[in-house]
Each structure stands twice: as structure tokens, then as C-alpha cells.
Enquirer: 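Just dropping this structure here.
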Amino acid sequence: MEPDFWRERWQTGQIGFHQEEVNAHLAEHYAKLTGATPPGTPARILVPLCGKSVDLSYLSEQGEQVVGIELVETAALAFFEEAGLRSGVVRSANRVRANDLGIEIVIGDFFEQTPAELGTFDGVWDRAALVALPPELRARYAPHLASFVKPGGRLLLVTFVFDGPPVGPPHSVSDDEVRALFSPFFALERLGEHDLLAESPRFRERGVTSLREHLWLGKRL
Ligand SMILES: C[S@@+](CC[C@H](N)C(=O)[O-])C[C@H]1O[C@@H](n2cnc3c(N)ncnc32)[C@H](O)[C@@H]1O
């Protein structure tokens, strides 16, 4: 997807993907995300394609060190503004950081970031990141994401599986595709699935008749 597509979405407020509340799957399975980290030690958690997700604040409130990556500066700045963090925020080059809370957002293209610059991570929270990407970028996303994760580190991933016309984002990503993309790098376990059709009028308007959300846990090999 072209960067201009996302910039326009943010400029025009077409951000139906944004959730005002902490993601329920993250809250339920948070302990699995940090499962490789010794108790009492802050985990480094990566949130790729983070938007202005309140999940960044949730993870920080659990005591973790959080790094988001977001293409659109407006989104990153909106996160800090809406979290009431504007006064302790430091802006340097392509990073915005709330020093006290250990939340940093790197403004830029995920695919241009490197572990050499950002370090490696104990866990990755992917909600609406993989599914935001078209197939050719999903194929690049999985190995690039894996390059940031320490051996034994965790991936908590939410996907959508739906029928209907192949317009996106979000895109439908089958279980077979998740396994093909991630199993070279992660031992995968499907934690569960949920029917979302009834609460998703925008999908029904697109002609979708079956919509399920699948939750995955990966352990970095
Ligand atoms: C569907 S939204 C999801 C945002 C967030 N994960 C959430 O749950 O609210 C996808 C986000 O990824 C950003 N994005 C798209 N392509 C990107 C890229 N290559 N690198 C970094 N961010 C990107 C978009 O600007 C958008 O904010």
C-alpha cells in the first residue's frame, strides 16, 4: 500500500481501525506476550504499524519498554497528545519519546527500520498490522519482523479471515498463509477465534458474509 494512502487516511480521519479501548485480546493474553521475560524485568515490546493505539499505553502501564513504528507523523503525535503525554515528550530526528513512561514511536517505514538501530525485542504485538498489508508486503513483513525478535521472544498476532471481494485493507489472511509466513521463524499456536460479523457493519456493507478474528501466539525459534 502506498504511503500516500495512509497519509490521506489520517488527514481525512478515515481511521475506523482505531480502538478507543485497550484491545481485549491483548489484555487477556498479555502474560503470554511477556512470557519469555524474567519476572520483574521490563520486556521490550515492539508494536509495528502502531497508529495511535492505546495499547501502547497499556503495555507501558504494565511496566514494559514500548517501541511503536508508524509511517504517519500525525498519528504518532496524536498518540502522545491524546494520552496526555505532550509535556514529557522529546522529539529527536525520526523519534518521539515519552521518557518517563518508556514509550517511543519511530516515525518511518517499518521496512526501512533495522534491529541494528532499534535493538531486538522480547515481544511483538501485531493488531491490524499484518492485515493492513497487501500480499507482496506480507511476504516481506514476516522475515523482517522476525529479525527484531530475540530467540524465545513472543509474537501475539490478530488476523481477520473473511469471504467476499478481495478489497482491503484490512485484508483476509488465511491460517495457511500465517503458517507459511511465520513458521520458518516462530513455533505457532492458535489461541482462539471469534465471530465478528454481527459487530462489523462496514464488512457487511462490503458483501462479507463470514468474518472471524484469529489469535496467534508465536515463540521465536
Ligand atoms: C490499520 S492501521 C492499524 C494501527 C494500529 N495497529 C491499531 O491497531 O490501531 C495500520 C497503520 O500502519 C501504518 N502503516 C502502514 N504502512 C506502514 C509502514 N510500511 N510502516 C509503518 N507504518 C505503516 C498506517 O499509517 C496505519 O496507521
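Nothing here was measured: the structure is a model prediction, and the numbers come from that model. One-based numbering, in listed order, for ligands and for the atoms of each. The first residue in the sequence is number 1, and the count goes up from there. Computed from heavy atoms alone, side chains included, the values below leave out hydrogens, waters and symmetry copies.
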Enquirer: Between Trp10 and Phe17, does the ring centroid distance fall short of 6.0 Å?
Expert: yes
Enquirer: With only distance considered, is Phe110 within less than 3.5 Å of ligand 1 through an N or O on each side?
Expert: yes
Enquirer: Please confirm whether the backbone N or O of Val22 pairs with a side-chain atom of Asp55, one donor and one acceptor, at under 3.5 Å?
Expert: no
Enquirer: Is there a heavy atom in Gly108 that sits closer than 4.0 Å to ligand 1?
Expert: yes
Enquirer: So, regarding Leu49 and ligand 1 (criterion: nitrogen or oxygen to nitrogen or oxygen, under 3.5 Å), is there a contact or not?
Expert: yes
Enquirer: Heavy-atom contacts with Trp10 under 4.0 Å: which atoms of ligand 1 show up? List them by number with element.
Expert: 25 (O), 26 (C), 27 (O)
Enquirer: With heavy atoms only and a cut-off of under 4.0 Å, state how Trp6 meets ligand 1: side chain, backbone, both or neither.
Expert: side chain
Enquirer: Are any of the N/O atoms on Leu71, whether in the backbone or the side chain, positioned under 3.5 angstrom from an N/O atom of ligand 1?
Expert: yes
Enquirer: Within 45° of the six-membered ring axis of Phe111 and under 6.0 Å from that ring's centre, is NZ or CZ of Arg140 located there?
Expert: yes
Enquirer: Between the candidates His18, Glu70, Gln19, which shows the shortest non-hydrogen contact distance to atom 26 (C) of ligand 1?
Expert: Glu70
Enquirer: Any salt bridge linking Asp122 with Arg44? Criterion: basic side-chain nitrogen under 4.0 Å from a carboxylate oxygen.
Expert: no
Enquirer: With no hydrogens and no angle check, is any side-chain donor or acceptor of Ser200 less than 3.5 Å from a backbone partner on Phe203?
Expert: no
Enquirer: Under 4.0 Å from a heavy atom of Val72: give me the atoms of ligand 1 that qualify, with their elements.
Expert: 25 (O)
Enquirer: In plain terms, say whether Arg190 and Asp175 are close enough for a salt bridge, that is, a side-chain N and a carboxylate O under 4.0 Å apart.
Expert: yes
Enquirer: Compare Cys50, Pro48, Ala128 and give the one whose heavy atom is closest to atom 5 (C) of ligand 1.
Expert: Cys50
Enquirer: Are any of the side-chain nitrogens in Lys32 or Glu189 under 4.0 Å away from the carboxylate oxygens of its partner?
Expert: no
Enquirer: Say whether, by atom type as modelled, one donor and one acceptor occur between the side chain of Thr41 and the main chain of Thr37 under 3.5 angstrom.
Expert: no
Enquirer: What atoms in ligand 1 come closer than 4.0 Å to a heavy atom of Asp109?
Expert: 18 (C), 19 (N), 20 (N)
Enquirer: Between Arg127 and ligand 1, is there a nitrogen or oxygen pair with a distance under 3.5 Å?
Expert: yes
